[in-house]
2 protein chains.
Amino acid sequence: MGAQMIRVMIADDHQLFAEGLSQALNALPDTRVVGVVSSGPALEVALSSQPAEVCIVDIEMPGGDGISSIKTLGFKTKAIVVSMHAGDDQNQRAREAGARGFFSKAVPLVTLASAIRAVASGHSLMDLDEEQRDDLLESFREAQLDPGAASLTAREREILQLLAIGVSATDELADRLYISQKTVKNHLASVFQKLAVSDRTQAAIEAIRLGIAKPH
Amino acid sequence: MGAQMIRVMIADDHQLFAEGLSQALNALPDTRVVGVVSSGPALEVALSSQPAEVCIVDIEMPGGDGISSIKTLGFKTKAIVVSMHAGDDQNQRAREAGARGFFSKAVPLVTLASAIRAVASGHSLMDLDEEQRDDLLESFREAQLDPGAASLTAREREILQLLAIGVSATDELADRLYISQKTVKNHLASVFQKLAVSDRTQAAIEAIRLGIAKPH
DNA sequence: ACGACGATAGGTCGCCCGGCCCATGATCGC
DNA sequence: GCGATCATGGGCCGGGCGACCTATCGTCGT
């Protein structure tokens with residue numbers, strides 16, 4: 001499975017936000033939330049037992065500020081600060097504490113996801129002007145797919161999409177794609193190899209996990 | 001599939017929150033987010049073309065308050081107000097506008113999910129004291145499962161959980177559960193019938209959709 | 001113009017899967 | 001205690017599935 005999955009820890013006292021974000025990040029193929037805490041001190045404790053590449057930290061939390069925890073944890077901990085109010089003063093505080101990124105909660109999810117990938121790769125978003133920052137985020141917009149999944153052909157993706165919505169029989173797949181059953185089996189064999197699975201059940205699960213199946 | 005799926009519309013200017021919550025609600029077996037907007041007026045427009053049983057509305061949004069939109073939409077629109085700051089004054093404003101529920105964003109996801117089910121069933125959470133409210137929420141804590149899924153036995157659920165994480169071969173299932181391959185096939189046959197599917201691939205997909213498979 | 005690759009398709013083979021019959025204890029509700 | 005339900009297990013059988021090998025025809029890129 002996911003070889004270089006980015007492990008993420010979330011610290012936010014608004015559970016609805018933290019749990020929602022957790023779900024959203026876990027739905028991405030290359031990030032996994034390994035912990036959700038609701039205060040700065042809790043973050044420090046959690047990190048000591050559960051390593052994470054990137055932390056998403058709310059700047060304003062009761063019972064232990066996020067900023068002071070980032071300072072305590074040091075620069076080796078890659079932190080991205082999020083805030084409800086995107087003020088320059090907060091941006092400044094985040095920078096001084098050693099955060100690698102600062103975002104308003106008003107930004108779209110894809111932006112945060114790009115930032116997580118950029119920060120996990122060793123970049124910092126704090127000392128860049130707006131254009132540089134946008135360019136860097138843009139270059140990390142695509143989810144790092146599993147080596148196998150990245151090499152899937154268009155036809156193989158079509159088969160996977162159908163598989164993921166429950167079209168599992170060879171003859172049904174053939175009917176839907178207007179090709180022979182034999183060709184379906186050939187494509188499936190390629191998919192199995194590329195995804196490192198051994199049957200269509202596992203392939204369907206991987207397809208769902210990778211977000212290849214689109215509608216819901 | 002999901003017969004009485006509750007359609008939910010989300011109005012919140014914090015995209016990170018809205019998108020995360022959207023993911024989280026879609027992951028539940030009985031709710032589906034049909035729209036995400038970032039202002040009051042946009043909510044009114046969206047609802048006119050896309051019906052929804054319940055709306056989650058942020059009380060504080062730039063460019064059109066959520067409260068005034070709820071007033072405009074009228075009582076037939078079932079709205080649950082969420083806020084970052086859970087003050088009595090905001091609670092009061094939400095009640096006067098005709099909202100069916102009011103929550104801080106600090107509440108856990110399960111609470112909001114219970115509230116959505118309660119409100120979708122016609123209840124209002126506003127004119128209850130704390131104890132009554134908690135009791136009502138408690139009674140809606142369980143997701144409404146599909147008729148088939150509800151009648152699954154414990155052992156059948158175990159098999160489904162394994163299936164959903166990629167343990168698809170009969171002999172592997174048998175090994176994991178310390179039973180014979182024949183018994184595995186018997187259980188699977190029951191599962192197929194109850195979920196109205198015809199093979200383990202479709203069963204695994206249903207299991208994921210129903211939230212029977214737990215972690216990832 | 002040639003080679004790489006993808007989409008199409010066929011054959012064969014062994015094994016697994018799903019459908020349908022049945023049987024035995026254990027447990028629980030009434 | 002008696003029936004219902006559940007978990008366990010067996011046998012049988014036909015067809016589907018996955019593995020391996022080969023082949024033709026486009027469409028690229030160079």
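Phosphate proximity of D/dG16 to A/Thr170: absent, as no side-chain N or O sits under 4.0 Å from OP1 or OP2. Using a 4.0 Å cut-off, no side-chain N or O of A/Ser180 falls inside it from OP1 or OP2 of C/dT8. For B/Thr153 and D/dA7, the shortest distance from a side-chain N or O to OP1 or OP2 is below 4.0 Å. Taking side-chain N and O atoms only, A/Arg155 has a distance below 4.0 Å to OP1 or OP2 of C/dT8. Under 4.0 angstrom from either OP1 or OP2 of D/dG9 there lies no side-chain N or O belonging to B/His187.
In this structure, B/Thr183 reaches the bases: a heavy-atom distance under 4.0 Å links it to at least one base atom across the strands shown. Among the atoms of the strands shown, only primed sugar atoms or phosphate atoms (P, OP1, OP2) are found under 4.0 Å from some heavy atom of B/Ser198.
In this structure, the CD atom of A/Gln193 is 12 Å from the C1' atom of D/dG18, given to the nearest Å. As a whole-Å value, the separation of B/Asp171 CG from D/dC17 P is 18 Å. When rounded to the nearest whole Å, the span between CD1 of B/Ile159 and P of C/dC17 equals 12 Å. When the P atom of C/dT24 is taken as reference, atom NZ of B/Lys182 falls 16 Å away, rounded to whole Å. For the pair B/Lys185 NZ and D/dA7 P, the interatomic distance rounds to 19 Å; values are reported in whole Å.
Looking only at side-chain heavy atoms (C-beta outward), A/Val45 and A/Val37 stay at 4.5 Å or farther from each other.
Residue order along DNA chain D, read from the 5' end via each residue's closest nucleotide, puts B/Gln181 first among B/Gln181 and B/Asp199.
Aromatic ring centroids of A/His123 and A/Phe140 lie under 6.0 Å apart.
Salt bridge absent: B/Arg133 and B/Glu130 never bring a charged side-chain N and a carboxylate O closer than 4.0 Å.
Counting atom types as modelled, B/Asn186 pairs no side-chain N or O with a base atom of D/dA7 as donor and acceptor under 3.5 Å.
Candidate nucleotides C/dT8, C/dA7, C/dG18 were compared by shortest atom distance to the side chain of B/Arg200, and C/dG18 ranks first.
Dense packing is recorded around CD of B/Gln132, with more than 12 heavy atoms of other residues, nucleotides or ligands lying under 6.0 Å away.
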